[in-house]
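Everything on this sheet refers to the single structure shown next.
In each ligand, atom 1 is the first atom listed, and ligand 1 is the first ligand listed. These figures come from a predicted structure and were not determined experimentally.
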Amino acid sequence: MSKKQLYDFGMVGLGVMGRNFLLNVADNGFSVAGLDTNKEHAKALEEEAKGKPAMGTTNMKTFVASLKKPRKIMLLVPAGKVVDIVIDGLLKHVEKGDLIIDGGNSFFVDTDRRLEYLKDKKVEFLGVGVSGGAKGARFGPSIMPGGSKKAYNKVKKILEAVSAKVNGEPCVAFMGKGSAGNYVKMVHNGIEYAMMQLLAESYDILKNIGGLNNEELHQAYKKYNRGKLKSFLVEITASIFTQKDEMGRGMLIDKILDKAKQKGTGKWTSQNAMDFGIPVPTIDAAVTMRGISSQKKERVAASKILKLRTTKSKVAKAKLVKEVGEALFFAFITAYSQGMALLVDASKEKNYGLDMEATARIWRGGCIIRATLLEDIRKAYSSNSDLPNLMVDKAFAKHLKGTHNSIRSIIKRGIDAGIPTLAFSASLAYFDAYRDSRLPLNLTQAQRDHFGSHTYERTDKKGVFHTEWK
Ligand code: 6PG
């Protein structure tokens with residue numbers, strides 16, 4: 001009797017992401033098994049594996065029994081309750097020392113809870129951020145694992161093999177203890193929201209002040225992507241303007257409703273940054289704008305009531321394209337700076353032990369926010385691992401000083417034309433506030449003491465003071 005085939009790696013959830021990730025594992029020479037409640041998905045895995053050792057099933061017992069011990073089981077299922085349900089199901093079949101890996105966009109608080117829960121059961125657990133969408137999962141994502149180093153070492157070889165590579169270096173590294181992986185992924189998404197909103201605002205300005213048509217917009221973003229703004233998001237932005245509408249005439253972009261949805265990771269970043277007292281205003285602006293975008297009905301009604309006469313500044317297209325490009329560069333730097341500053345603080349608060357250089361390194365490829373800028377960010381942390389904020393790194397300070405006039409200019413143009421530039425404005429205000437050695441919040445402190453005896457500190461004497469305000 002032939003020995004039953006045992007598989008190296010298992011996946012629960014064979015939707016596009018799970019199946020693609022698993023096929024990527026199979027491409028790298030590991031045998032794989034997949035579990036899904038949907039028979040079609042399980043079958044699709046075997047078909048798409050094209051002869052490589054892959055088994056798909058709808059039976060959890062069969063699935064777990066088919067894996068080599070200690071078992072390595074990854075979950076790519078919707079974040080939230082489903083993860084807990086799958087874990088409880090698996091617990092009936094797995095053994096001590098087996099490893100469960102959650103690869104979804106799970107809330108880090110849930111990951112901390114699951115780590116505790118599984119520790120008691122002697123089952124290893126990793127909370128892993130995976131970025132890159134369906135294509136990334138298939139051909140090389142950026143992977144952000146957190147939990148215990150011991151558990152990570154069990155899958156290090158596999159994750160390194162499937163991850164994206166930049167200059168031969170894998171876009172995966174152990175991020176840190178506990179929920180570090182999910183936290184890093186959450187902040188990645190916060191930065192993603194900020195960059196997307198900045199791109200939307202840049203599009204608004206180029207289209208509605210500069211009068212650029214879709215072909216000109218395509219050319220502008222293509223040009224940006226050849227320079228210092230080179231990044232995945234700029235690249236896809238350029239290509240979006242060339243997509244024809246297959247359901248009618250004209251270009252698709254002009255038929256898409258201006259309502260952006262969200263699954264929550266950007267909002268979590270803002271909420272958590274508020275909890276830690278770390279400012280991330282460009283990310284906050286992006287979350288806010290998604291909210292305003294979804295108030296479509298109200299906006300349409302208000303557009304009639306609040307109609308205004310505004311002024312569009314006259315500017316040559318080439319000049320505007322240049323200004324907007326520099327403003328984007330400035331604002332992207334501030335968005336990364338905010339996200340990185342939040343990670344530095346979270347690492348202390350939550351004792352993650354994050355390595356900022358490694359984080360920048362694994363974001364250089366595979367993920368949605370990949371950009372050439374990340375190599376400079378990596379360098380900045382490599383020369384100073386205690387950098388309080390990216391904006392004060394020598395190279396970045398030079399970039400910001402060299403482009404601040406452009407962001408000021410496009411914000412002014414936006415204000416005059418009545419075009420909202422919340423994210424651009426937040427980026428600039430963040431920069432201006434951070435470099436201001438004397439903000440006007442002495443007044444805030446005086447008010448607090450005035451109405452609530454909350455006391456204040458002085459510039460000329462040590463200690464805490466209270467005044468009986470007249
Ligand atoms: C990624 C993406 C991915 C997903 C976002 C979308 O890194 O691959 O960030 O995780 O596409 O979660 O988020 P919203 O639905 O909130 O825009």
Side-chain angles (χ1 to χ4, degrees), residues 13 15-21 24 74-80 82-83 101-108 110-111 127-146 159 162-164 166 171-173 175 179-200 231-237 240 256-273 280 282-294 332 335-336 339 342-343 359-371 374 423:
V16 185
M17 282 297 285
R19 198 158 77 232
N20 278 1
F21 194 98
N24 184 355
M74 186 160 175
L75 273 51
L76 268 168
V77 296
V82 184
V83 177
I101 306 156
D102 176 17
N105 273 332
S106 286
F107 189 38
F108 70 92
D110 289 337
T111 300
V128 176
V130 178
S131 178
K135 236 186 178 167
R138 183 67 186 86
F139 301 109
S142 172
I143 309 176
M144 297 148 246
L159 296 184
V162 301
S163 74
V166 173
C171 291
V172 56
M175 294 283 94
S179 54
N182 290 107
Y183 200 95
V184 170
K185 177 66 199 326
M186 177 188 80
V187 175
H188 164 284
N189 282 28
I191 299 171
E192 170 186 306
Y193 272 52
M195 292 172 78
M196 289 167 79
Q197 177 59 28
L198 291 163
L199 285 164
S231 56
F232 172 72
L233 284 168
V234 172
E235 183 190 329
I236 63 164
T237 304
I240 283 170
I256 296 177
L257 193 64
D258 53 333
K259 258 170 95 170
K261 300 211 166 126
Q262 50 182 318
K263 289 206 283 280
T265 42
K267 184 184 74 182
W268 295 341
T269 309
S270 281
Q271 284 175 328
N272 202 249
V280 293
T282 312
I283 299 171
D284 300 340
V287 177
T288 298
M289 285 309 293
R290 289 212 190 180
I292 298 181
S293 86
S294 68
F332 279 2
Y336 284 114
L342 175 58
L343 286 179
T359 306
R361 190 179 69 233
I362 68 160
W363 282 353
R364 288 177 310 166
C367 65
I368 304 296
I369 65 167
R370 64 183 182 261
L374 276 156

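Regarding atom 17 (O) of ligand 1, its nearest protein heavy-atom neighbour is Arg290 NH1, 2.7 Å. Closest protein heavy atom to atom 7 (O) of ligand 1: Ser131 OG, 2.5 Å. Looking from atom 2 (C) of ligand 1 to the surrounding protein, the closest heavy atom is Glu192 OE1, 3.5 Å.
The closest approach between any non-hydrogen atom of Gly132 and ligand 1 is below 4.0 Å. The closest approach between Met196 and ligand 1 stays at or above 4.0 Å for every heavy atom of the residue.
In the candidate list Lys263, Arg370, Lys185, Lys185 is nearest to atom 3 (C) of ligand 1, counting heavy atoms.
Inter-residue side-chain proximity for Met144 and Val187 is flagged as unmet; no heavy-atom pair is nearer than 4.5 Å. At a threshold of 4.5 Å between non-hydrogen side-chain atoms, the residues Ser142 and Val172 do not count as touching.
Contact annotation for atom 11 (O) of ligand 1: protein absent (non-hydrogen atoms, distance under 4.0 Å).
The structure places CG of Asn272 at 12.5 Å from NZ of Lys267, a figure rounded to the nearest 0.5 Å. The OG atom of Ser179 sits 14.5 Å away from atom NZ of Lys185, with the distance rounded to the nearest 0.5 Å. Put simply, CE on Met289 and OH on Tyr193 are 14.5 Å apart, with the number rounded to the nearest 0.5 Å. To the nearest 0.5 angstrom, Trp363 atom CH2 is 8.5 Å from Tyr336 atom OH.
Of the N or O atoms in Gly133, one or more lie within a sub-3.5 Å distance of an N or O in ligand 1.
A side-chain N or O of Asn182 and one of Thr111 form a donor-acceptor pair less than 3.5 Å apart.
Contacts between Lys135 and ligand 1 below 4.0 angstrom, taking non-hydrogen atoms only, are absent altogether.
Counting atoms of ligand 1 from 1 in the listed order, those under 4.0 Å from a heavy atom of Ile368 are 1 (C), 2 (C), 7 (O), 8 (O).
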